[in-house]
Every structure is written in C-alpha cells, then in structure tokens.
Amino acid sequence: MLHIVNKSPFERSALDSCLRVAPKGGAILLYEDGVYAACVETTVTDTLKAAAIEYSVFVLGPDLAARGIAPDRVIEGIEVVDYGGFVDLVEEHGPVQSWL
Amino acid sequence: MLHIVNKSPFERSALDSCLRVAPKGGAILLYEDGVYAACVETTVTDTLKAAAIEYSVFVLGPDLAARGIAPDRVIEGIEVVDYGGFVDLVEEHGPVQSWL
Amino acid sequence: MNELEPDYDTEGVVKKFMFVNRKAPYGTIYALEILETVLISAAFDQDVSVVFMDDGVFQIKKGQDTKAINVKNFSPTYRALEGYDVEKLFVERESMEARGLAVDDFVVPVEVLSAEELGGLMDQQDVIITG
Amino acid sequence: MNELEPDYDTEGVVKKFMFVNRKAPYGTIYALEILETVLISAAFDQDVSVVFMDDGVFQIKKGQDTKAINVKNFSPTYRALEGYDVEKLFVERESMEARGLAVDDFVVPVEVLSAEELGGLMDQQDVIITG
Amino acid sequence: MKLGIMVNEGPFTHQASDSAYLFASAAIEKGHQVLRVFFYYDGVNNANRLSEPQSDDRNLVRLWSELGKEHGIELIVCVAAGLRRGMKEELLADGFTISGLGQLIEAGIAADRLVVFGD
Amino acid sequence: MKLGIMVNEGPFTHQASDSAYLFASAAIEKGHQVLRVFFYYDGVNNANRLSEPQSDDRNLVRLWSELGKEHGIELIVCVAAGLRRGMKEELLADGFTISGLGQLIEAGIAADRLVVFGD
C-alpha cells in the first residue's frame, strides 16, 4: 500500500505516526508541507535517512519547487516524482492511507 | 503578557514553541485541544509539571469537561478557570499571543 | 455525461473499509463528520473497521460533558455502532498509553493493537478513509 | 448601533504591532493572508514588527517556484515590505537552524533573534496578530 | 476593558468560532466592551446566512448575529478573504458588515486587548 | 484504473483541493478514469459559484467545474456537510451535484482506488 504524508514534520506528528505504523517495505510519498521532511541538514534528516532504507520514500517535485527546495537538497535515496508519478504510485502500490 | 495555546501537545509543536519563547514568569492558558497537556500520566506531563513551576499555567474548565477530563486528572499547580477567568487573565496579564 | 459514465453495478461487492480516526473531538469537526460516514457505510454491507489512534483515541473517552462549550456531545453515538453491525473497533496501544489511557476509559469495547499489528491490518484494506 | 458605539478616535495613537508567522507557505493560506494584513497595517503608521519562526521561516526562503502547483508565488512581496516602511523583520534562530536554513537563504534581510530575545520583544508589544 | 476579537476559522470545522463567542459573551457579562469582531481567513464563513446546522446543534451564525445586535458589536467580514471564498453581500446574515482589513488594525489600535482565535 | 477522490478542505485555505485537482488531471492524462470527486467537510466550499479569487490567482471552483464537464466526472457535494456550512443548491457552480454520504462509500466500492486529500 501507499502512505501519503502532507504535514510538516516540524509542526505535526503525522510523519512519526506513519513511520510507527506503516509496515517496513511499503511506499511513502511526501507532498505539500510534507516535503520539508525530505531535506538534508534538518533535525529530522536522520529519521528520514533511516526511513529511506526501510521504505521506498518518494517526494513530490512540484511541492519541493514551490517551497524553494533545490533537488540537490533532497536526501539521497528519496526519489523525486511529479503528479504523474504520484498517480503511478497509487496504481502500483494499491490502497492509499492519507496521514492527514 | 498572556500566552494561549489551543493545540494538542501530541499532534502539534505549538506548546513547545510557546515554552521555548515565552519569558519565564509569564502566564499560559491551555484551551480547546490544548487542555490535553494539563493531564497527569501522559508523555508530556513532566514538561508541564516543569512549566507549572516556571510560569503561571491555567487550563479552561469547559474544554476539560467536554473532553471527559476530571478535575483530579489535572496536574497539580495548574489552575482551572472558566470563560470568565479567561477574560480576567486577558485583562490582568495584558497583550495576548495566540500560539495557533 | 459522456462515454466515461462509470459503471456503478456494485451489487454484491464487499470490500474492506477502514476508517482512521486521528483527531481529537471538539477542537475540530473531523471526529464528528467521519463518524457520520461510518454510520452511512453500515448500509452498504461492507467489511468495516474503525481505528482510533493518535489523538483519535480521545474521541471515545468516557465522561465527556460538552454543556459548557455549547457543542453537542456525540460520544454516545459510538455506542450505537454495534447496532449498525459496526463491531470492529481498534485502538492503537502506543497512542493510548502515551495519553495515559486504558481500555476502561473508553465508552465502547475495543480491541487494542500494537502499531505493528495495526500496520498489518491497514495493509489488508481496500479503502481507507481519513479525516 | 447603540450607546456602546466605540470611540474610534485613534488619531496619533502609535502602538507596537507584532505579526507572528509560524506556518509554512502554500500548504495553507495563512502565510499569504497575514502578509496582506501586514501590508495594510503600514497605512496606519504603527510600530510594526514581523516575526518568522517555526515553519514560518520557510515563507521567506529563496528560490520558490510555484508554477507546477498552479499557485501564485507571493514570496517577492516580502521584498516590497521595505517600501512600506515595514523594516523590522525578525527570524528566530532556533527555528531557522532546526530547518537547516541560514540568513543567506532568505529573500529579505532579517535580524536573527534567539528564542529568549524574541520572547522579550514579544513581551513589549501592544498587539500580536497570528494566523 | 475594550476588546477586539479576531476569528480565523469557519463555524463548526474548528472550535475557534465557539471559543471566541463564549469568550466575548463572558467578557460582556463582566461589564467589558467588545468593540469589534473581525472575521478573517475562513472566519468569513461565520457570516453565511444559509448555514443550517442540525436542530440539536448550535447555530453559530445566528449566535453571532444576536450577540452583535444586542450589544452593539461590529461584526466585520474581511472583503478580500470573503471574495476569494465566495462570501459576499448577498449571503450576509443580519448584523454582519463587509469591510477592509484596515478595520482589524483599527480594532488593534482602539481596543485595550486584541485576542485572536484560530487554528 | 478507476479512481475515486475525496476532498476534505475548502479552496485556497488548504492545498488539499489544489493537490486533488492536479492529481486528478494527471490521472486523466495518463488514461485513467476519475469516477467521482466527493467534497466533504469544508471541501463543500469548492462548489461555491460566488468564489472570486484575485485575477492573478487560480480559480479552483471553475477548474473543478471544467474538469468535471470535460471528462464526465461526478462532482458530489455532501448534503449534510453543506447544510451546516450554508453550501446549498443556490450556490452550486456548474457541474456540481448535492448528494448524500452514501456516494462516498459507493465510490470506494466502485473505484480501484480512493484517494483522500485533506488537512
């Protein structure tokens, strides 16, 4: 299944909850304010580096660009996708849990 | 001044931000979902026990009751007030910062 | 409408629906309106699970008295779920314990699952509705 | 209206107004609409401070390009604040550093304050607007 | 004490409007004066006269209307926030007025305290 | 793939409606079918024909209307959520229909995937 997270990891606990519950090996997409979690050199970077090993982690490019986050600031192992890629993830990974 | 916090400490970082910024000795009112922070035996109880020593901490009774929190579950040192008490706090403590 | 008109012949289809409650009651309306959705789902004879996790565990806390905030207390409605054959109610243990709650604190009987068990159950669903 | 009609003779009154930005841009509208409030406040000749803390520091991040989300990029507007004589812009250091940002990352010059310094400044205000 | 109140969220969705209403009522009961309530962001939706909550639920639009009329409180709906959200003159409940953001700043200047309720 | 989409927040206030719209558009472009978009909670406000964003901003109500008409997508506004918020028939933009919550469950049954966008 696909887990999608749209909350800033600095403001809300949604991503923590997702990582606590989602079975290892699943797919996680960060979008909207959730994309801040994908950046290097923040207080949550280590958490996301670990997550990128245990899960397939994706981040929505259009939301990164809107927020001024350059692609080279994205943690290695996190894959950038566009809206078409979002659709593909939904198709390939099955049911979607929105961590609102 | 008066700091008012209406966010659950389990979901959002608003209370942490308030406690980081508000000068010691000030007044803090917990209301709406913020009242969960006033309870004993949770993962944030210790933080609030410490805060209740450094600040004057209040909690809105009507919001406690709505959420089924009995008065004896409120941390010692945190004072329960009603809406009239909320008004008094605003009058006595001056300008209000809402930690939305 | 055009040739894309969907085929709604859903007769006899039974899917696994999970409703995930992660918000506290009263501070926002999500808890109330998702409950209305759960009730409606009962009419469709689907395989329904309802999960309370994160601040959602507060929704089913006993002793809610909303008179002084002038809002309707909808917590008794959870007790009506059984009458609608919505009987699979789950609470995530980690969320419950972090908030100082135990099964005795809830208005309805629930099954307590670890985060890991909940993740496994979520993985088996067809439709997950959150709000 | 009745005898309680307020007296709005605010002529010559100068108060300390602080606008506290704590939300990221685009995910919600708060950043945009509070900025409109800051701009309007300039017409009232008040003593205005604007604070960026928590996710609010992301509002003034350089390099925002919103074309692909079809939303208006309002970050250039922060640069217009100076023309409105809104020149007291503050960033809280702890928030900035936790998010891996430095003063060079911002579209406007700001003064960096510690949480403690910010608390002291907040304490001196007459009106604090958040959103 | 003269109070200004800012309401940032729509009725029902967030408790902000309820809290602001109960706070304003308590202030009036204590003899304070509420100069103005300014509805901003989704708060503009508190003025929608078409709002029809269930019969056993509170009707926040009506409660604000009545409080405003009874105590001479200006209920101001921000024109810019309202336009965006389709909250226009034709939808305004009794006692609400559409006006500019300057009214919020003015309330901050005129009132002894401005209290913000939101999400 | 047949898709159902749920939108839980109003336009502008949260990015949910934007994300849902761009997701739906991308899905259609890839040849998938969007059966139904169900607007719940404050999402009902996406159907407000009076919404008038600034000229240099996107008009989400119109975008949804056009997408719905062009691709035969049902745009369903929840009647109960709408009543509470004053979002009624007389405010409905082209292409939106008011109906019951059952339409959401039905979309979940009929679609291969239901994707929820909200706050």
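Atoms considered below: every heavy atom in the structure, side chains included; atoms not considered: hydrogens, waters and symmetry mates. Reminder, nothing fancy here: chain letters follow the sequence lines and each chain counts from 1.
- Checking side-chain atoms of A:S13 against main-chain N and O of A:D16 turns up no donor-acceptor pair under 3.5 Å.
- Between chain D and the residues A:A65, A:G61, A:C39, the most heavy-atom pairs under 4.5 angstrom are made by A:A65.
- Contact of A:Y31 with chain D is not made at all, since no heavy-atom distance falls under 4.5 Å.
- Neither the backbone nor the side chain of D:K67 comes within contact range of chain A, judged by heavy atoms closer than 4.5 Å.
- Of the possible polar contacts, one joining the D:Q46 side chain to the D:V13 backbone as a donor-acceptor pair under 3.5 Å is found.
- Contact of D:K61 with chain A is made through the side chain alone, with heavy-atom distances under 4.5 Å.
- Side-chain atoms of D:E92 do not come within 3.5 Å of backbone N or O of D:S114 as any donor-acceptor pair.
- Taking the ring centroids of A:Y36 and A:F10, they lie at or beyond the 6.0 Å cut-off.
- Separation of the D:F19 and D:F52 ring centroids does not fall under the 6.0 Å cut-off.
- With a 4.5 angstrom heavy-atom cutoff, A:D63 touches chain D via backbone and side-chain atoms both.
- By number of non-hydrogen pairs under 4.5 angstrom with chain A, the leading residue of D:D54, D:N70, D:T66 is D:T66.
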